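Predicted model only: the values in this text are computed from it and were never measured. Within every chain, numbering begins at 1; the chains are lettered A, B, ... in the order of the sequence lines, protein sequences first and strands thereafter.
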Amino acid sequence: MPNNNVIVSLRDVVAGYLTTGKGWRSLFKHVNVVLKNVNLRICDGERVTIIGESGSGKTTLLKVILGLLKPVRGEVKVLDKEIYKLPWGERVSVLRQVGYVPQDPYKALNPKLRVKTIISEPLEHMSIKPREIEERVYEVIKMVQLSNKVLDKYPNELSGGMMQRVLIARSIIHDPEILILDEPTSALDVSIQAQIIELINSIHKRLELAILAVTHDLGVAQYLSDRAIILYKGSIVEEGYIDEVITRPRHEYTNLLIASYQVFK
Amino acid sequence: MVLAVRARNLRVGYVDEDENILWAVKGVSFEVNQGEVFCLVGESGCGKSTIGNTIIGILPPYAVTDGELHVFGKPVVRGNHRDYSGIRGRIVSYVPQNPGTSLNPYQTIGTQLYYVLNSVYGWDKKKSLEVAKKYLSLVELDPEETVDRYPHELSGGMQQRAAIAIALSTGAKIVVADEPTSALDAHLRLQLIKLLMKLKESESLTLVMITHDLVAAGKICDSVAVVYAGEILEKCSGSNVIVEPLHPYTQMLADAVPLLGFKRRLKSIPGEPPRPDEEVTGCVFAPRCHLAFEKCVEPPPHFKVYKGEVACWRYAGNAKQ
Amino acid sequence: MPLSLNYLTKRIVWIFLVIIGVVVFSYTAIIISPGDPAVKWAGNPRGPNASLAIELARKELGLDKPPLIQVLKFVADVFTGNIGLSIAYKIPVFEVILRRLVATLELLLISYLIAIPLGVFLGIESALHRNGKLDTFLQSLGTVLANTPTFWVGAWLFLTLILLGAYPYGRVDPKIATATGFHPITGFYLIDALVEGNLIVFVNILSKIISPAIAIAIYPIGVLVRLTRALVSDALLEDYIRASVAWGVSRSVIIWRYALKAITPGLVQVIGLAFSYSLVDAMAVEYVVFGREGLGSLLIDSLNYGDFRLAVGLIIIVAVFYLLVNTLTDIIQALIDPKVRL
Amino acid sequence: MSAVISDSRKSPNSSVKGLYQNLTRRYLRRTKFKIGLVITLVVLVLALVSPWVVPYPDEGAGYVPPEASQREKEPPSLRFFFGTDTRGRDLFSRVIMGVRSAVIQITTVISLSLLIGLLAGVLAAYFKGVVEIILNYLVELFISIPAVIIALVLRLALGPGLMTVIASLVTTWWSWYARITYVYARSVMEMDYVTLARLSGLSPLKIMTRHVMRNVLTPVLVQAVTDMGSVLLEASTINFLGLGLPLNSPEWGVIMLEGLSVLEIAPWISAYPGFFLLVTALGFSLVGDTLREEIDPRLRRRWRLWF
């Protein structure tokens, strides 16, 4: 099903943050490397999950892909354009092909804006007529199974599940090529979690866009992806089809992940 | 068999600024035998933590209680009167959810242990330190190293183990653990569960676990109570809460949990749990239950079924009253 | 908490830069404001040798040189400590200021010795009886005190002393001072009196300092009663307090050990701010109401004599005072809170 | 302070309009707010109508009628409610007219300082880097020079007048609001909705107005209301030291200065203006406190010690 043109590709990416050292070393800054030469390719229409726990560097990896963190070394391409070589203006026009759903819905929705403004924000400066934007908003609201009544509400009047749906609606309104989700289910309860997984998969089928989900939960990854990538301490330790990774893990850390999941079996 | 904890129609609510009471726990009754691992399972906002806090005795001041709660026979909650003297620390102890904020950032681990032991038993610094070192090594922490360290200098796993050391140092017989694993990574979670089980045996504790993870509850606990919207829908043994759930809600929860290895269709439960301020008549789960029928309009009593208790009219027929 | 060399060097360089900023600001205030800067700098003299004084001032300010050189020269003058003689006192500006600063500081320290323990204790009591009668009373008292004009209270205290027949002027009664041979060395009269073992003068000085100290203490007491209660209430909501209660830690330990230590960083920060704010209150009250020699008297003299040099000197000294107090509060906070690593 | 910053879970009401909706239901129940509101309203009304309400409007404004010299320093009586001042003018008129100058001083100082402070704070938080360092430097510089000392220099340069008071107060208060805004704005910048807006290609100006300013405005405005009391006190200190408005002008600080020299024989001259000053400052800070409790959810819980 996934044809072969690549949407996101990372080659030998090394990334990290500037920090000050301790004691006398604090006089000058050095880069605390988090990602160690990561190679990653995501093709059109493919469903990929990155599985990693806190400290594995999965958030840093997302930031690099989203053009928010320039890597120390390596090449990052989105739709075959080297985004870190482009100035911010052009980079944003490339990133318009990317839909992004952050992790904590409470931090991702401006409490002073109504849902309608939040959802229509990506279309704002795309020289589209207001009537058309209105139409598009109703379309995506229906797609994420929310009633139109929600549009006039403020974020703190919504439940956790509804907030996540609003964020997903916002991320697909400008018809991106790929949808990137950071821990889409971790802030939700089990019953709502299943609803969101269903929603993401239905969007994947209907809009034929690639899915890149980051999660620490192997079980969720199983339902959200064809291919899985295990990230441990900044480097990819295993990659492959999700079923193979679960049934025949190669790397010792993957064993540990499965064991700690199985212990409750 | 002495009952460690016994609750009779316990109700707990919070008063908001406009003086009306939001009942988080709408009348629960359960019993925990000594030496048993009892587990309260439920999704966020269902009131399981409130029940836990009521047993421990750290309900916020704007809380209101009703019904009865006994710890080793001593009445702790009677109506809105609560008396935890002699219970806190000495009998019931607490393993916090996220260790990072549950240790005093301004004192070293050793000093905190000293204050706990000094308050509970009145021991001086020397004796407290001795006991402290014993318990720190019990939780696999190097006593010499940890005693003089501040909490922020320890890793997440070490902080959690330090909190457990403090909780056990008072020699408490009942330990209430509120989501002990949710703030930890996978392998730390594994070690912590093993540690808790080992301590339960060696110190002959009664463990009250509070978690949202149905699968974990099933595996670790002897008996499980499923909590939903402030009520206990089902009480059964740990082993068959996943395999043979009684209440439709537990059944749906079990189906919604992704299991490793085989891909079955995830059945999601439509709708959202009721908000605490919504008045609910009849069975709390009725609006979201696909098996609801006309009887569900009245609140179902707890039917005793051979494997446990369940509050659902479908069991009216074959249950012994 | 290691007080790393890095923080100290950075802080000293930062203070140095801010002082230069203050000096440049005061210099521009003279130049930009209407009127010929030289005349102002010479204290717009009249009389025979007025033009001579103005010429001298023009040279002192270096008005003939390009603006940048002027500013640099002025900054250099400030840092070498001689920006000319005070027009009112005819002795170097900084010398006049430093001698008076000590008097105001003494008054400020006495008033804060009263304000801090009283304010914090009442705040904690208020938090312990939260929403009870005592709490509402203390909190409303705090709000009123924090909004009371210092010089108004000063006037009332001064009036009551007069009606009681006391003589509240000045820092020490000259008659008693000369009679007992009191000659201060440091400028902190109370300490000087103790050093000399001269108890009569000590009592006299104390009696004169108490009423202005109370007037100045009103504001910090009000602020601290309300702030301590808020900080204690917040501290008692923390997770580790709930956990400690669950573990059986006694109530007194939780309040007087855990909560008190938790609120200290917050308290220290606000006390530092209030202390700097009260310096101005002290200047307003000490001379105009109580006739005590201090920075307040310099303020009035500078106004009456049109003494620009004294005014600029005052700006610089007070700014340095603020910066040192802020640095001190940062350091104390870091010493208490192990998490803060400077 | 940053606890107040709103991710959508915390802010109890989602817009400034929301603040007014429950004005009646929750606020007016609190005596603290009722007292504060009554004082503030009376002060605002008096500021508008004082010249027409006062028995001797021209004396209030500072004019000394010829016959005033016979009635200097008279105690309060039916004819002169607050008695007369050192030049024989009716003190009641002067004090009531003083309300207007108090309100003028507060509103101009607060609005100017807020304007500069909000802009500087938001710009510094958004653009980080050099702008941030420059702002922190300027803030620390202007915060460390008290308004009274600047008033001295300006008084020497510009002479007495309202300009001196306003200019000296604005020079320090703008940096206070710049600092508060900067702290709030920085925690807003950490929020994901700002990252999302940047990724959607919104212009910096639009992000600053729609996301940053909107979330920062409520806490800073509430702080401004609470600060009105201290601004008034500082302004009257400046006038009391003779650094601000000229003698005879209807300002409480000035009247108290005049009354100081005759304190023993005519204490009422200093007493009444000081009392009005206290009550006005109290009114503002009572209102500000209630608003602040309203937006910081943690403070709202009414409880007593529980262990």
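Of the candidates C/Leu227, C/Thr329, C/Leu231, C/Val270 forms a side chain to side chain contact (heavy atoms under 4.5 Å, CB included) with just one, namely C/Leu227.
Between D/Glu140 and C/Arg11 there is a salt bridge, since a side-chain N of the basic residue sits under 4.0 Å from a carboxylate O of the acidic one. By the 4.0 Å N-to-carboxylate-O rule, C/Glu286 lies too far from C/Arg100 to be salt-bridged with it. Comment: C/Arg229 engages C/Asp135 in a salt bridge, judged by a side-chain N to carboxylate O separation of less than 4.0 angstrom.
Residue contact with chain D, scored on non-hydrogen atoms closer than 4.5 Å, involves the backbone and the side chain of C/Thr148 alike. In this structure, chain C has a heavy atom under 4.5 Å from the side chain of D/Leu152, while its backbone stays farther away. For a residue to count as touching a neighbouring chain, one of its non-hydrogen atoms must lie under 4.5 Å from one of that chain's; by this rule D/Ser236 touches chain C with backbone and side chain alike. Looking at C/Ile19, there are no atoms closer than 4.5 Å to chain D (heavy atoms on both sides), in backbone or side chain. Heavy atoms closer than 4.5 Å to chain C are found nowhere in D/Ile238, neither backbone nor side chain. Only the side chain of D/Leu260 comes within less than 4.5 Å of a heavy atom of chain C; its backbone N, CA, C and O stay farther away. Heavy atoms closer than 4.5 Å to chain D are found in the side chain of C/Ile300, but not in its backbone. Proximity to chain C (any heavy atom under 4.5 Å) is shown, for D/Phe284, by neither the backbone nor the side chain. Interface remark: D/Ala271 contributes backbone and side-chain atoms alike to the contact with chain C (heavy atom separation under 4.5 Å).
Your options are C/Pro149, C/Gly296, C/Ala311, and the one with the most heavy-atom pairs under 4.5 Å with chain D is C/Pro149. With respect to chain C, the highest number of heavy-atom pairs below 4.5 Å among D/Gly159, D/Gly253, D/Gly229, D/Pro146 belongs to D/Pro146. With respect to chain D, the highest number of heavy-atom pairs below 4.5 Å among C/Gly306, C/Ala29, C/Ser302, C/Ala146 belongs to C/Ser302. Ranked by heavy-atom pairs shorter than 4.5 Å toward chain C, the options D/Leu241, D/Leu154, D/Ile145, D/Val148 are led by D/Leu241. Annotation: maximal heavy-atom pairing with chain D below 4.5 Å, among C/Val22, C/Asp307, C/Leu303, C/Leu279, occurs at C/Leu303. Contact count versus chain C (heavy atoms, under 4.5 Å) is highest, among D/Leu232, D/Asp289, D/Ile149, D/Leu156, for D/Leu156. Among C/Val289, C/Leu159, C/Val280, C/Thr150, the residue making the largest number of heavy-atom pairs under 4.5 Å with chain D is C/Leu159. Ranked by non-hydrogen atom pairs under 4.5 Å with chain D, the options C/Trp14, C/Tyr277, C/Phe25 are led by C/Trp14.
Between C/Leu145 and C/Ile218, the shortest heavy-atom distance links the atoms O-CG2, 3.4 Å.
Aromatic ring orientation, C/Tyr27 versus C/Phe74: tilted (interplanar angle from 30° to 60°).
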side-chain contact (heavy atoms from CB on, under 4.5 Å) assessment of D/Thr280 paired with D/Val99: CA-CA 9 Å; D/Thr280 315; D/Val99 172; 5.9 Å; no

D/Trp173/D/Ser230 under side-chain contact (heavy atoms from CB on, under 4.5 Å): CA gap, chis, key distance, verdict: CA-CA 10 Å; D/Trp173 279 94; D/Ser230 357; 4.1 Å; yes

D/Glu132 and D/Arg186: CA distance, side-chain angles, deciding distance, side-chain contact (heavy atoms from CB on, under 4.5 Å) verdict: CA-CA 10 Å; D/Glu132 209 173 1; D/Arg186 210 170 39 170; 4.1 Å; yes

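D/Gln223 and D/Asp227 are linked by a side-chain donor-acceptor pair at a separation below 3.5 angstrom, with hydrogens and angles left out of the test.
If you look at D/Tyr177 and D/Tyr182, their ring centroids are not closer than 6.0 Å.
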